[in-house]
There are 2 protein chains.
Amino acid sequence: MEITNQVKNQLSEAGLKATHPRIVVLRELVVSNDHPTAERIHENIKIDNPSISLGSVYRVLDVLVDAGLIQRVSVRSGSKRYDANMSPHGHLYCLQTNKIQDFYDEELYELINEFFRKKRIRNFKINEIKLQVNGERIDPDAEITIT
Amino acid sequence: MEITNQVKNQLSEAGLKATHPRIVVLRELVVSNDHPTAERIHENIKIDNPSISLGSVYRVLDVLVDAGLIQRVSVRSGSKRYDANMSPHGHLYCLQTNKIQDFYDEELYELINEFFRKKRIRNFKINEIKLQVNGERIDPDAEITIT
DNA sequence: TCGCATTTGAGAATAATTCCTAAATGGAAA
DNA sequence: TTTCCATTTAGGAATTATTCTCAAATGCGA
Ligand SMILES: [Mn+2]
Ligand SMILES: [Mn+2]
Ligand SMILES: [Zn+2]
Ligand SMILES: [Zn+2]
């Protein structure tokens with residue numbers, strides 16, 4: 001499996017042991033694009049990997065976040081969500097359906113980065129800039145399209 | 001007390017009963033500018049209002065958010081934070097100290113709003129746009145200054 | 001001043017996440 | 001290859017954050 005090897009490389013390049021739980025959790029996040037919760041990841045992987053515990057999923061997710069391989073997305077609604085897409089992008093969050101959709105815009109991210117480069121912010125080392133747009137889908141089942 | 005009356009007005013204008021817990025919780029948020037948690041609000045107000053329960057603080061905060069009088073700010077770290085400042089602004093969040101500091105920039109917010117007005121986002125009614133900058137203070141005790 | 005729909009206090013319940021510990025294991029070194 | 005051990009894991013308990021339940025209290029319009 002190609003993705004499995006890619007994921008193993010990501011782990012060792014980050015200086016992490018390529019353990020089975022880490023490979024499986026990271027692969028699940030790489031193939032899914034719906035920003036799952038820890039619990040949902042656990043549900044999805046335990047069909048093929050019944051021995052991986054929910055506690056390990058949480059622990060592994062934390063390690064992956066610290067290593068910069070994935071990011072956490074927090075929304076209103078109970079649990080944190082996870083995202084293996086580390087390219088600069090924002091999130092459209094629907095409060096009704098709880099769905100999170102990525103949105104990209106080179107130009108906007110240029111603007112924001114440029115802004116924070118110009119503005120001198122003293123005594124603060126910027127780690128990440130999060131842009132989240134909360135709202136509601138008109139038709140809960142249809143996609144959001146951006147033009 | 002002037003602030004108390006101002007807060008009572010805010011409540012009735014929003015169509016809410018001006019109950020004691022609501023007045024006290026909203027006033028606490030209006031006078032503090034450090035984005036407290038529900039628990040911290042409870043600690044602060046219970047000196048003068050020992051009968052207000054933590055459950056009521058949570059319930060009242062929820063009502064105030066729904067009424068648009070305050071906003072929730074979610075950060076990594078356990079609990080949600082609350083903010084009575086409803087003018088458009090972003091947040092600088094320090095992962096070490098857990099402090100949240102407001103930052104304003106007319107121009108940046110113009111840009112972002114303009115962006116979302118131009119971009120046609122179909123099937124999505126925008127509710128709020130949140131910009132959060134995560135990072136770390138160099139000197140944990142000093143303020144962050146923006147120039 | 002009354003009447004009542006709404007809200008509250010107290011504490012139980014639930015949801016989400018972290019912690020604990022003995023056993024398992026990835027991978028560096030031999 | 002096999003050995004060795006620091007690191008990681010499974011499983012379950014514990015903790016944290018928030019919501020729920022319901023009888024009693026109370027704002028406020030009439
Ligand atoms: Mn971490
Ligand atoms: Mn609500
Ligand atoms: Zn994303
Ligand atoms: Zn704020």
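Quick caveat, the model's predicted, so the values are computed rather than measured. Naming: A, B, ... by sequence-line order, numbering from 1 per chain.
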Novice: List for me each residue that meets side-chain hydrogen bond (donor to acceptor under 3.5 Å, both in side chains) alongside A/Asn134, sequence neighbours excluded, and say none if there are none.
Specialist: A/Gln132, B/Glu128
Novice: Which is more 5' along DNA chain D, the nucleotide nearest B/Ala18 or the one nearest B/Lys80? Just name the residue.
Specialist: B/Lys80
Novice: Write down the distance between NE2 (A/His42) and C1' (D/dA10), rounded to a whole number of angstrom.
Specialist: 10 Å
Novice: Pick from B/Leu61, B/Leu69, B/Asn85: which one makes a side-chain contact (heavy atoms from CB on, under 4.5 Å) with B/Leu29?
Specialist: B/Leu61
Novice: Mapping A/Leu16 and B/Ser79 onto DNA chain D by nearest heavy atom, which one lands closer to the 5' end?
Specialist: A/Leu16
Novice: Salt bridge check: are A/Asp48 and A/Arg27 linked by an N-O gap of less than 4.0 Å?
Specialist: no
Novice: Side-chain N or O of B/Thr19 versus OP1/OP2 of C/dT8: is the shortest distance under 4.0 Å?
Specialist: yes
Novice: Rounded to the nearest angstrom, tell me the gap between atom CG in B/Leu61 and atom P in D/dT18.
Specialist: 10 Å
Novice: Distance check needed: C/dG11 C1' versus B/Ile52 CD1, whole Å only.
Specialist: 18 Å
Novice: Using a heavy-atom cut-off of under 4.0 Å over every strand shown, decide if B/Ala38 touches base, sugar-phosphate, or nothing.
Specialist: nothing
Novice: Under 4.0 Å between a side-chain nitrogen and a carboxylate oxygen: does that hold for A/Lys99 and A/Asp34?
Specialist: no
Novice: Does B/Arg59 place a side-chain N or O at less than 4.0 Å from the phosphate oxygens OP1/OP2 of C/dT8?
Specialist: yes
Novice: If the cut-off is 4.0 Å, is A/Tyr58 near the phosphate of C/dT17, judged by side-chain N/O to OP1 or OP2?
Specialist: yes
Novice: Whole angstroms only, please: what is the CG-C1' distance between A/Leu54 and D/dT8?
Specialist: 17 Å
Novice: Closer than 4.0 Å, any side-chain N/O of B/Ser56 to the OP1 or OP2 of C/dG9?
Specialist: yes
Novice: Could you check how far CD1 of B/Ile23 sits from P of D/dG27, rounded to whole Å?
Specialist: 8 Å
Novice: Does B/Gly55 or B/His20 map to a spot on DNA chain C nearer the 5' end, using the closest nucleotide for each?
Specialist: B/His20
Novice: Measure from CZ on A/Arg22 to P on D/dT9 and round the result to the nearest Å.
Specialist: 5 Å
Novice: Looking at every strand, decide which applies to A/Thr37 at a 4.0 Å heavy-atom threshold: base, sugar-phosphate, or nothing.
Specialist: nothing
Novice: Given atom CZ of A/Arg76 and atom C1' of C/dA15, what is their separation to the nearest angstrom?
Specialist: 13 Å
Novice: Measure CD/A/Glu43 against P/C/dA15 and give the value in whole Å, please.
Specialist: 14 Å
Novice: Looking at B/Ser53, I'd like to know whether one of its side-chain N or O atoms comes within less than 4.0 Å of OP1 or OP2 on C/dT8.
Specialist: no
Novice: Which label fits A/His35 and A/His91: parallel for a plane angle under 30°, tilted from 30 to 60°, or perpendicular past 60°?
Specialist: perpendicular
